[in-house]
Protein chains: 2
Amino acid sequence: MPTLAFKLNDHLYLRDPQHTQLGQKIIHSSMLLIDQLGFEQFTFKKLAEEIDSTEASIYRYFENKHRLLVYLIAWYWNWMEYRIEIFTSAVADPKEKLKTCLRILAEEKKYDPTFEFVNEEALHRIVIAELDKTYLTKGVDDLNKEGLFGGFKSVCGKIASLIHVINPNYPFAESLVSTVLITANQQLFFASHLPSLTSLEANESRFNRLYSFLENIVFCSINAENNYA
Amino acid sequence: MPTLAFKLNDHLYLRDPQHTQLGQKIIHSSMLLIDQLGFEQFTFKKLAEEIDSTEASIYRYFENKHRLLVYLIAWYWNWMEYRIEIFTSAVADPKEKLKTCLRILAEEKKYDPTFEFVNEEALHRIVIAELDKTYLTKGVDDLNKEGLFGGFKSVCGKIASLIHVINPNYPFAESLVSTVLITANQQLFFASHLPSLTSLEANESRFNRLYSFLENIVFCSINAENNYA
DNA sequence: ACAAATATAATAGTATTACTATCATTAATC
DNA sequence: GATTAATGATAGTAATACTATTATATTTGT
């Protein structure tokens, strides 16, 4: 059975992990391990033990653990873009398209059988807890030049262009979208760990509440009459 | 001459650095060094060399470098709260108060002579680049129990309560405020490093544009008729 | 089916990091 | 002037983030 694989920027890895068994084990197990331990406590040595391989072998796939994280999170944004594509292609009205995007971003992430070796629930927790660490580093500019944030930028750009269609006079489309993409994850983190910083609760309702919050922010801002240019 | 000092949560340090010469040198130089090197490359050893002291001496003030970062950023939020206090106390109208808060958050940070050994420009760059690392760690819950995020939570709570006064029916005050506090710094980071993710430009105008963006988001959201409960 | 190429495993080694411990010395305080 | 406390000097350790080397599988082309 043919497993779907994303074509990711090939600067993200040294050897493409999607195409070998060891590579797939690296992706699969690193997700679980980073989720469990957190990125700081995660090491290639621990991962090697987990998959009965060696540090040296893992280094043939990824230059270092930071790049592995960037890879995993790039995979996530590719997955988001793929889902947005699927669920908005049939929708004509740009406002409805935009709502669908927000729903996809806010919804609970569940196992997607399209991608065998990826545990989307663990990956989402990684995105929530580690996303910012991909770019909050002195090396951002180099990573960016290599195009490693392409997935995130692409999602951001597509949603921003919907906003441009809905209201060409709204002057903060890109900022609004990047804010929403990031806050969607951040608010879930706060709900779990710093509840006084969020209006969401740590129960099942939080995904619907999150959607309402995002919809409120986005539509109120772009529909407003008084656009501060 | 009496230097003003904040009363910070005493779990933030082992020995209060504000009250000794070495402590002040630690604060002063760690700010410059973290700003220069980034948090990952920053070490107590490098700091010790910088201030002609030793690693061991620094460890007597801070348990580890992460807690030092939490300290510096707690200082920042205390400073913000202090400025908000000063500049809003004379303002009666809650909407105007709220605008003043947003202005303080968005404005360019400049040296404040009230605090001798603090370089506010460097500190602001640290907040922009490292803020999220204070809570995105497996130890959040412990740090939170010790009250180490009190400054941030306090600023968030005060602004949220202004929103509650302005529109008691708006159901996302806390989320809106935490989003704004964080995005205020994030958008400046994007302007410098990932320009396609922001509508701000990397020039002098960015602080005014940032203010407009924040004002737009906040006031559009809370003034809207259709409140999604 | 066999040689050549390639991927992986096994092992070792290094510089740096994030500490901890000990003891001598200097400075502040009573 | 004696006691206490803060700092400096020095040493040491376990773990981390790699790099290098060689042997052994595994895959691939002919």
Side-chain angles (χ1 to χ4, degrees), chain A residues 5 10-30 33-34 36-72 117 130 133-134 137-139 142-143, chain B residues 5 10-30 33-34 36-72 117 130 133-134 137-139 142-143:
Chain A
D10 54 9
H11 286 92
L12 282 165
Y13 46 77
L14 296 172
R15 208 201 289 314
D16 189 343
Q18 286 184 120
H19 293 343
T20 70
Q21 226 191 330
L22 180 62
Q24 292 181 12
K25 276 164 81 182
I26 290 173
I27 296 177
H28 179 78
S29 294
S30 66
L33 216 51
I34 293 175
Q36 269 175 51
L37 305 176
F39 183 65
E40 279 71 29
Q41 306 309 315
F42 167 82
T43 68
F44 277 3
K45 197 178 183 189
K46 290 173 187 170
L47 175 58
E49 275 160 28
E50 191 73 20
I51 62 179
D52 280 309
S53 180
T54 63
E55 264 185 285
S57 298
I58 296 167
Y59 274 106
R60 289 203 193 86
Y61 283 84
F62 293 99
E63 237 175 287
N64 53 54
K65 71 170 183 169
H66 185 253
R67 292 219 168 204
L68 169 54
L69 179 67
V70 175
Y71 178 93
L72 297 180
F117 48 90
E130 324 287 359
K133 296 172 193 169
T134 57
T137 158
K138 280 284 165 184
D142 295 328
L143 299 177
Chain B
D10 54 11
H11 286 91
L12 282 165
Y13 46 78
L14 296 172
R15 210 203 287 313
D16 189 344
Q18 286 185 119
H19 293 343
T20 71
Q21 225 190 332
L22 179 61
Q24 293 180 11
K25 275 163 82 182
I26 290 173
I27 296 177
H28 179 79
S29 294
S30 65
L33 215 50
I34 293 175
Q36 268 175 52
L37 304 175
F39 184 64
E40 280 70 30
Q41 308 307 314
F42 166 82
T43 69
F44 277 4
K45 196 176 183 189
K46 290 172 185 169
L47 176 57
E49 275 160 27
E50 191 73 20
I51 63 179
D52 281 306
S53 180
T54 62
E55 265 185 285
S57 297
I58 296 167
Y59 274 106
R60 290 201 190 88
Y61 283 84
F62 293 99
E63 237 175 286
N64 53 55
K65 72 171 182 168
H66 184 254
R67 293 219 168 204
L68 169 55
L69 179 66
V70 175
Y71 178 94
L72 296 180
F117 48 90
E130 323 286 0
K133 297 172 192 169
T134 57
T137 157
K138 280 284 165 183
D142 294 328
L143 298 177

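Convention: sequence-line order gives letters A, B, ...; per-chain numbering from 1.
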key: Close approaches to DNA chain D from residues 13-28 of chain A, in residue order (heavy atom, under 4.0 Å)   = none
task = Remember a base hit wins even if backbone is also touched, and classify A:Tyr61 as base, sugar-phosphate or nothing at under 4.0 Å, heavy atoms.
result = sugar-phosphate
task = Output yes when at least one side-chain N/O atom of B:Thr54 is less than 4.0 Å from OP1 or OP2 of D:dA9, else no.
result = no
key: Any residue meeting side-chain contact (heavy atoms from CB on, under 4.5 Å) with B:Leu14, in chain and number order, not counting sequence neighbours   = B:Glu63
ask   = Quick one: side chain to side chain donor-acceptor pair (under 3.5 Å) partners of A:Ser53, sequence neighbours excluded?
value = none
Any residue meeting side-chain contact (heavy atoms from CB on, under 4.5 Å) with B:Thr134, in chain and number order, not counting sequence neighbours = B:Leu69, B:Val70, B:Ile73, B:Leu131, B:Phe149
note = 5' to 3', nucleotides 15-23 of chain D under a 4.0 Å protein heavy-atom cut-off (B base, S sugar-phosphate only, - none) gives -SSBBB---
task = Just jot down the side chain to side chain donor-acceptor pair (under 3.5 Å) partners of A:His11, sequence neighbours excluded, or say none.
result = A:Asn9
ask   = Can you name the residues that form a side-chain contact (heavy atoms from CB on, under 4.5 Å) with A:Tyr59, not counting sequence neighbours?
value = A:Phe44, A:Glu55
message = Could you measure the distance from the OG atom of B:Ser30 to the CZ atom of B:Phe62? Nearest 0.5 Å is fine.
response = 7.0 Å
request  = Note down the inter-axis angle between the two ends of the helix from C:dA1-D:dT30 to C:dC30-D:dG1, five pairs each, to the nearest 10°.
outcome  = 30°
request  = Identify, with sequence neighbours excluded, every residue that meets ring pair (Phe, Tyr, Trp, His ring centres under 6.0 Å) alongside B:Tyr61.
outcome  = none
Heteroatom pairs (N/O) under 3.5 angstrom, protein to nucleotides 25-30 of chain C:
none

ask   = Does A:Phe42 have any ring pair (Phe, Tyr, Trp, His ring centres under 6.0 Å) partners at least two apart in sequence or in another chain, and if so, which?
value = none
ask   = Side-chain N or O of B:Ser57 less than 4.0 angstrom from OP1 or OP2 on D:dG8?
value = yes
key: Contacts of type side chain to side chain donor-acceptor pair (under 3.5 Å), residue B:Lys133, not counting sequence neighbours   = B:Glu40, B:Glu130
key: Spacing of CD1 belonging to B:Ile58 relative to NZ belonging to B:Lys46, to within rounding of 0.5 Å   = 13.0 Å
Within 6.0 Å of NZ in A:Lys138, more than 12 heavy atoms from elsewhere = yes
